[in-house]
Student: 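Let me give you the structure first, and then I'll get to my questions.
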Amino acid sequence: MNHWLFKTEPGCFSFDDLKNRPSMTEHWDGVRNFQARNLLRDEVKVGDLVLFYHSSIPEPAVVGIAEVVREGYPDFTAMDPNAEHFDPKSSVENPIWFMVDVRYVETLPRQVTLERIKANPLLAAMPLVGRSRLSIQPVSAEEWRIILAMGGLEPR
DNA sequence: GCCAACGTTGGC
DNA sequence: GCCAACGTTGGC
């Protein structure tokens, strides 16, 4: 079982949006970066746990945990001319972009802000800290444990 | 709103 | 295959 960090702009799609879905699940669509695509297509598996990160806001932070409930399948929004992230090069025969489905698991009692993450030397290796713009990032078992503890949760 | 980082595109 | 131009991300 692997751990991940998924970035989203809460104005676009937030952790509360996920929680408030009747099924508490949602497609993670719209990823249009090859490195992130490769992770979604090949590495992210059912049962993997995800740190849900809010970016592009005054206080960027990890706000909760989600679980992968469906793995790597073609992102159909890439084939929809009316969708925001339509890509004419993608087709049913040759899908370029992939997505997974995630389900709400738990809200962190205390948000783990980027500021706190940067202040912790044990988290210095996270791509998040190094100005990476990667929207799907691997998280080590130790980083996972530390961030949950910083968020006020027991290890899981 | 600025700007640094960095991924993508396209001319050669 | 190089690299300059360009576009996007995302913290500040």
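In what follows, chains carry the letters A, B, and so on, assigned in the order in which the sequence lines appear, proteins first and then strands, with residues in each chain numbered from 1.
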Student: In whole angstroms, how far is the P atom of dG11(C) from the CG atom of L128(A)?
Tutor: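 Going from L128(A) (CG) to dG11(C) (P), I get 7 Å.
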
Student: Side chain of K89(A) only, heavy atoms from C-beta on: which candidate in dT9(B), dC12(C), dA5(B) is closest?
Tutor: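 When the side chain of K89(A) is considered, dT9(B) is the closest of dT9(B), dC12(C), dA5(B).
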
Student: Looking at dT9(C), I'd like to know if its phosphate oxygens (OP1 or OP2) sit under 4.0 Å from a side-chain N or O belonging to Y53(A).
Tutor: no

Student: Rounded to whole angstroms, how far apart are CD on Q35(A) and P on dG7(B)?
Tutor: 7 Å

Student: For the residue pair F13(A) and F52(A), categorise the inter-ring angle as parallel (less than 30°), tilted (30 to 60°) or perpendicular (more than 60°).
Tutor: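 Tilted.
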
Student: Could you check which of dT8(B), dG7(B), dG11(C) has an atom nearest any side-chain atom of S55(A)?
Tutor: dG11(C)

Student: Would you say dG10(C) has OP1 or OP2 under 4.0 Å from some side-chain N or O of K7(A)?
Tutor: yes

Student: How long is the line joining CH2 of W97(A) and C1' of dT8(B), in whole Å?
Tutor: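 In whole Å, dT8(B) C1' lies 10 Å from W97(A) CH2.
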
Student: Membership question, hydrophobic clusters at under 4.5 Å side-chain separation (ILVMFWY): are L39(A) and M99(A) in the same one?
Tutor: no

Student: What is the distance, to the nearest angstrom, from the CG atom on L134(A) to the P atom on dG7(B)?
Tutor: 9 Å

Student: Rounded to whole Å, please give me the gap between NZ in K118(A) and C1' in dG11(C).
Tutor: 6 Å

Student: Taking CG from L39(A) and P from dG7(B), how many angstroms apart are they, rounded to a whole number?
Tutor: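 Distance check: L39(A) CG to dG7(B) P gives 13 Å.
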
Student: Ignoring the backbone of R133(A), work out which of dT8(B), dG7(B), dG11(C) is nearest its side chain.
Tutor: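 Comparing dT8(B), dG7(B), dG11(C) against the side chain of R133(A), the answer is dG7(B).
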
Student: At what distance, to the nearest 0.5 angstrom, does NE2 of H54(A) lie from CG of L114(A)?
Tutor: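 Here the interatomic distance stands at 14.0 Å.
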
Student: In whole angstrom, what separates I57(A)'s CD1 from dT9(C)'s P?
Tutor: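 After rounding, the gap between these two atoms is 16 Å.
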
Student: Round to the nearest Å and state the distance from L5(A) atom CG to dG10(C) atom C1'.
Tutor: 14 Å

Student: Supply the atom-to-atom distance S14(A) OG to N20(A) CG, rounded to the nearest 0.5 angstrom.
Tutor: 7.5 Å

